[in-house]
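See below for the structure under consideration.
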There are 2 protein chains.
Amino acid sequence: MATIEDVAKFAGLSRTTVSRVINDQPYVSEDKRVRVEDAMKALGYVPNSSARRLRSQKTETIAVLLPRITNPFFNHLIESMEMKASEWGYQVIICQTHNLPDKERDYLELLRKKQVDGIIMTSLENEWEVVEEYLQSGPIVLCNENVSTAPVPVVHIDQEKAAYEATIHLIENGASEIAFLQGGHDSYVFRDREKGFLKALNERGISPIETELFSSAVDVKSGRELFHQIQAHYPSINGVFAGSDEMAAGFIYEAVKAGVKVPEDILVIGFDNQAISMLMNPSITTIEQPFQKMAGRCVELLVQQVEQGYNLKHEEHVFPHRLQSRVSTSRQTNLVPL
Amino acid sequence: MATIEDVAKFAGLSRTTVSRVINDQPYVSEDKRVRVEDAMKALGYVPNSSARRLRSQKTETIAVLLPRITNPFFNHLIESMEMKASEWGYQVIICQTHNLPDKERDYLELLRKKQVDGIIMTSLENEWEVVEEYLQSGPIVLCNENVSTAPVPVVHIDQEKAAYEATIHLIENGASEIAFLQGGHDSYVFRDREKGFLKALNERGISPIETELFSSAVDVKSGRELFHQIQAHYPSINGVFAGSDEMAAGFIYEAVKAGVKVPEDILVIGFDNQAISMLMNPSITTIEQPFQKMAGRCVELLVQQVEQGYNLKHEEHVFPHRLQSRVSTSRQTNLVPL
DNA sequence: TTGTAGGCGTTATCAA
DNA sequence: TTGATAACGCCTACAA
């Protein structure tokens, strides 16, 4: 591969001049500029990114940490993040933690090794204190998980309020005994949503049921399993708050199979307004999050910190959510005809 | 940030010795090794990845090109690719082309800039000749798209055979007039599947209908739109071959809404055996691809070429597919009870 | 077993 | 307007 040196020789000029042309710098006469450009073309020269990185101490790469990319919530986020990063000339490294703290730390190490300029975390597997160490090596932005003590920008919806509204919606449509199905026992999202859930129950004089049983729920599979557990252990439950549309879909799938009617026998609400929530029959009421805007903001905040420096302060960026009402919580009989 | 020089000074040794310790090389006495390790710990030293890259001419990073990450087909592939790459100590850069040839070329440039060691392409937006140029800069593996003239490893199922079997399945379950809904008019996947589709029709004495209309189909949205177009222009169609489960789901969603019965009035088959195909009501018959194995193989092939060199030869890795029969093509009345 | 020194390909500083 | 030279941080002949 041709180097800047080769180009310089070929053009009969110095590396410096070639470098100036490459970087569109002033103080290059027109004829030299042309000679350099011809030489570059002739040799098929492309600047070596490793050398640039070493010299500039920048990688123009960011890492996005998430549990797994097949989860629609996360792949929608990262889709927009990659697009926005690309606009800014940054690459995105995809880092699946599979909810393992060790894996998360491995990926955080990318920051210390200077393999990336910054990191966006869309989930949190270690205690915040562990993560905080890495701020010495570069900026971090939190997406979704709102750690109120973290001296970094956090981008999220008001999870507590959303869960509160979802629960009130269930109650007002007739639910009197409600299960809270939400994965990530120790996540901040979990805690915030649980707060909102309990607040709604409390306000309406409904006593919460033991939810330990349901706290490992994340995907279609767990939604299916939980249907059967609820049938077996809590047959009187007539409302379900599911932390994701996939979980709600899995739950409803089994309910339909078992002849339990949604919403007649049991109301179900999901989260995220994914395609599946519209496609299911019955369609699923859900909470919509503005993925694209949130993802875009995360990247902007991170790139800004990378390029203009960062100071350690907590800074909340709260985005609006929206309840999308559909058949799964509608006691009026406006069902989609089969 | 501490450099190898700092560590050397701190330990009262040379850079060389420190380097030897870092890289687990022989010829370091135990006491020096300990002194170096202590120094590294004391200074919080981490080797700088940019410097290593420049020195070693390796990045331990690969790029995966795909249209968009929210498409389940592609996010399932990349999920497994990232895991396998991680096992091998490689990072994965995610490159969404959004089906734009220019974007694809931009990402291929990563190879020329030496920003990645190799590339996996799961779709193809430029003519192969354009892509072939980049083989001068590093290895490429094709996943899914089988370009028979490409001197690279290609990993895929037998698309023609799969489409043939799907079509026969439709016919044997009663379809006599079939629409071929498949996106990517000029893709190799499209051509191969179309071949299988036409072969089946031909064998059973069914004449194909004009398919131009349906060739932009990829996602839920287009599935929905195509239902209405077919209702309007080809009301006698009673079988649908959809190139993805999402498309099939969108089609069925509108059919159900319009009171058209699947499978009684029209048979539908999807592709990929995604979660949605099981969850829909009626559930969708589909073709399963072994994503995980294919993705793993792609990464192995690429890493092998990166580390052991590559020669330009075409090499096919064909994986088995499987038809998963469900309600959407079943004329027997074993319907899931509503 | 340890250390010296050169170079990977760029860019920035300084002098001409 | 141009060019010589010194880093960036690491690894590896080669010498000791």
Side-chain angles (χ1 to χ4, degrees), chain A residues 1-37 39-40 43-61 89 109-117 137-138, chain B residues 1-37 39-40 43-61 89 109-117 137-138:
Chain A
M1 295 297 96
T3 71
I4 200 171
E5 175 82 46
D6 300 329
V7 176
K9 274 192 189 135
F10 189 97
L13 294 163
S14 72
R15 293 187 312 221
T16 311
T17 306
V18 177
S19 176
R20 288 207 181 91
V21 173
I22 294 168
N23 299 294
D24 272 325
Q25 283 172 15
Y27 303 125
V28 183
S29 62
E30 198 44 36
D31 55 327
K32 308 265 153 102
R33 161 161 277 123
V34 171
R35 255 161 69 193
V36 169
E37 279 164 355
M40 296 201 294
L43 299 174
Y45 169 78
V46 182
N48 179 301
S49 117
S50 303
R52 281 195 149 163
R53 284 181 182 222
L54 177 57
R55 179 62 229 220
S56 67
Q57 309 282 40
K58 290 223 153 17
T59 65
E60 304 199 312
T61 305
E109 284 293 326
L110 292 176
L111 202 52
R112 298 221 301 152
K113 294 188 235 170
K114 300 289 171 213
Q115 202 158 351
V116 299
D117 292 332
S137 309
Chain B
M1 292 299 97
T3 73
I4 200 171
E5 175 82 46
D6 300 330
V7 176
K9 274 193 188 136
F10 190 96
L13 294 163
S14 72
R15 294 184 312 207
T16 313
T17 306
V18 177
S19 177
R20 288 207 181 92
V21 173
I22 294 169
N23 299 294
D24 272 326
Q25 282 172 12
Y27 304 124
V28 182
S29 61
E30 198 44 37
D31 56 326
K32 307 266 152 102
R33 160 160 279 123
V34 172
R35 254 161 72 195
V36 169
E37 279 164 354
M40 295 202 295
L43 299 173
Y45 169 78
V46 182
N48 179 300
S49 117
S50 304
R52 281 198 150 159
R53 285 182 182 222
L54 177 57
R55 178 62 229 227
S56 67
Q57 309 282 37
K58 291 223 153 14
T59 66
E60 305 199 310
T61 305
E109 285 292 326
L110 292 176
L111 203 52
R112 297 220 303 152
K113 292 188 236 168
K114 299 290 170 210
Q115 203 158 351
V116 299
D117 292 333
S137 310

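What's counted below: heavy atoms across the whole structure, side chains too, no hydrogens, waters or symmetry copies. Below, read A as the first sequence line, B as the second, and so on, with proteins coming before strands; counting in each chain starts at 1.
- The closest side-chain donor-acceptor pair between A/Arg53 and B/Asn48, if any, does not fall under 3.5 angstrom.
- Using modelled atom types, one side-chain atom of B/Thr59 and one backbone atom of B/Asp117 make a donor-acceptor pair closer than 3.5 Å.
- As a whole-Å value, the separation of A/Lys113 NZ from D/dC10 C1' is 15 Å.
- Atom CE in A/Met40 sits roughly 17 Å away from atom P in C/dG9 (whole-Å rounding).
- For the pair A/Arg35 CZ and D/dT1 C1', the computed distance is 13 Å after rounding to whole Å.
- B/Ser19 is listed as a side-chain neighbour of B/Ile4, based on a closest heavy-atom distance under 4.5 Å.
- Comparing D/dG9, C/dT1, C/dG3 against the side chain of B/Tyr27 picks out C/dT1 as the nearest.
- The rotation axes computed at either terminus of the helix from C/dT1-D/dA16 to C/dA16-D/dT1 lie 40° apart, taking five pairs at each end and rounding to 10 degrees.
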task: Spell out protein contact along nucleotides 10-16 of chain C as letters: B when the base is contacted, S when just the sugar-phosphate is, - when no protein heavy atom is under 4.0 Å; keep the 5' to 3' order.
output: BBB----
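- Of the possible donor and acceptor atoms, one in the side chain of A/Arg35 sits under 3.5 Å from a partner among the backbone N and O of A/Ala11.
- Residue B/Thr17 places at least one side-chain N or O under 4.0 Å from the OP1 or OP2 atom of C/dG3.
- The distance from atom OG of B/Ser14 to atom NZ of B/Lys32, rounded to the nearest 0.5 Å, is 9.5 Å.
- Within the 4.5 Å cutoff, side-chain heavy atoms of A/Met1 are placed close to those of B/Lys114.
- At distances below 3.5 Å, not a single donor-acceptor pair connects side-chain atoms of B/Asn23 with backbone N or O atoms of B/Arg20.
- Side-chain atoms of A/Ser56 come within 3.5 Å of backbone atoms of A/Arg52 as a donor-acceptor pair (strictly under, hydrogens ignored).
- One can place CG of B/Leu54 at 9 Å from C1' of C/dG7, the figure rounded to the nearest angstrom.
- Under 4.0 angstrom from either OP1 or OP2 of C/dT2 there lies at least one side-chain N or O belonging to B/Lys32.
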